[in-house]
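In what follows, a structure is listed as structure tokens, so that the remarks can point back to it.
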Protein chains: 2
Amino acid sequence: MTPHSNQILFHIRKNISPTPEEEQFFVSLLNPLKLRQGEFAEIAGEVTYNFIHVTSGCLMTYYTNKQGTDQVIQFATAGWWTGDLHSLTSQQPSIYTTRALADSEILQLPKVRMEELLERYPKFERYFRIMFQNSLVTHQNRIIEAFTATAEERYHNFQKKYPQMEQYVPLKYIASYLGITPEFLSKIRRKK
Amino acid sequence: MTPHSNQILFHIRKNISPTPEEEQFFVSLLNPLKLRQGEFAEIAGEVTYNFIHVTSGCLMTYYTNKQGTDQVIQFATAGWWTGDLHSLTSQQPSIYTTRALADSEILQLPKVRMEELLERYPKFERYFRIMFQNSLVTHQNRIIEAFTATAEERYHNFQKKYPQMEQYVPLKYIASYLGITPEFLSKIRRKK
DNA sequence: GTAGTGGCTTGAACTAGATTAAGAAATTGA
DNA sequence: TCAATTTCTTAATCTAGTTCAAGCCACTAC
């Protein structure tokens, strides 16, 4: 049981009550990894789809469209899960990229391992059900915000939600997350 | 076992294999309801939060902000689940409203009933986990679309996704779903 | 009949935010 | 140290989409 896995076990115990055996099996499926700033969260050379639990540091997930422009989907700081649900579900090659914004420690849970886990210990279904349910609330809020708030409001909400993020994330990624150009973010920031 | 519940049981059997007893218990928790066009999907006078399965017809869920403007979050046609995840999760009063766009048949699953179900038959966790997971993919795609596509592209994507919807949903709701004004939707439609 | 009422369109004036292009500031690197 | 590259800012111009105001059409009600 790596020190890495303490944090995630804490969360799991809050939602389900796994036996030591179940916990141990779960942890054995996790692939602990240290990432340097800028590194990608995929296993080099392996085409596999992962859930990623951020133990420390900060990751961002972005989508690259046909024109080659990036759209930042989410930031994930310590304690968060991230990953490519689309390819997890559809078996299509990933359309997202996940990178470390700072030196980070992560736990990968490859798709096939997750399936093994749920097959063997269905009790974990509950954990992921709750996780997805919460994530859905976040996503719904983001959709509402995208459609109803101005860029300036979205920026201020972002500052509230991620207070320290602005200091160590390049502004262009924040602009992308907010759905605006870096130039316009500059203009908003100057105002205040 | 109402004829209503055949459709939903079909979906459930695809994902989990419930015993007749489990199925019967599940169905007993559902509250079948017929809605006339324009009616709300909540139980009158009761402050409760529901999941809603649409058996036939079409519902829409919208959010009303402080300024009193509505933002349509989603349409749900036959076979879909909808509902207010936010209040399901947070215990806050609902910020969403769900209404029938056409005469519809629905199955309500009140929050407390869902909890009973999962308590008694954890097997159903899997069903909801998969449901939320799929829903999350849809939401992620909608976020990407909101930030990267123009109003015109979003409109054409909408037409592909809901081919017959335009005929029986007032255009102003479609405009709201697309995040634009009815006037601008008019302009887009004229072009073609 | 004709006086509402709600959904849809049209057009003119306006604005939030994009684009382009340039320069300043900070990082990197030999 | 100085060039090179990347990040951030500023300002001018442009455009996708809004706002406002009016008119049209279909439907209902008296």
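Each chain gets a letter, A, B and so on, in the order its sequence line appears, and its residues count up from 1. The figures that follow rest on heavy atoms only: side chains count, while hydrogens, waters and symmetry mates do not.
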Under the 3.5 angstrom rule, does the side chain of [X] hit a backbone N or O of [Y] as a donor-acceptor pair?
X        : Y        : value
A:Arg154 : A:Leu178 : yes
B:Arg99  : B:Ala41  : no
A:Thr64  : A:Thr69  : no

Exercise. Can you check whether B:Phe25 reaches B:Arg120 side chain to side chain, under 4.5 Å on heavy atoms?
Worked result: yes
For this session: Starting from the C-alpha separation in whole Å, work towards a yes-or-no answer on salt bridge (Lys or Arg N to Asp or Glu O under 4.0 Å) for B:Glu125 and A:Lys123.
Result: CA-CA 8 Å; B:Glu125 291 280 3; A:Lys123 191 191 273 185; over 6 Å; no
Can you check the [X] [atom1] to [N] [atom2] distance for me, whole Å?
X        : N      : atom1 : atom2 : result
A:Leu171 : C:dA26 : CG    : C1'   : 12 Å
A:Lys187 : C:dA18 : NZ    : C1'   : 9 Å
B:Lys172 : C:dT9  : NZ    : C1'   : 15 Å
B:Arg189 : C:dT10 : CZ    : P     : 10 Å
B:Gln167 : C:dG7  : CD    : P     : 18 Å
A:Glu152 : C:dT15 : CD    : P     : 15 Å

Exercise. Between B:Tyr177 and B:Arg142, is there a cation-pi geometry (under 6.0 Å to ring centre, at most 45° from the normal)?
Worked result: yes
For this session: Anything under 4.0 Å to a heavy atom of chain B counts; send over the first and last such nucleotide of DNA chain D, read 5' to 3'.
Result: D:dG17 to D:dC20
Exercise. Considering only heavy atoms, which members of residues 176-186 of chain B lie under 4.0 Å from some atom of DNA chain C?
Worked result: B:Glu183, B:Ser186
Problem set entry | salt bridge (charged side-chain N to carboxylate O under 4.0 Å, His left out) partners for A:Glu116, two or more places apart | A:Arg113
For this session: Output yes when at least one side-chain N/O atom of B:Arg190 is less than 4.0 Å from OP1 or OP2 of C:dG11, else no.
Result: yes
Problem set entry | A:Glu39 bridged to A:Lys34 by N-O distance under 4.0 Å | no
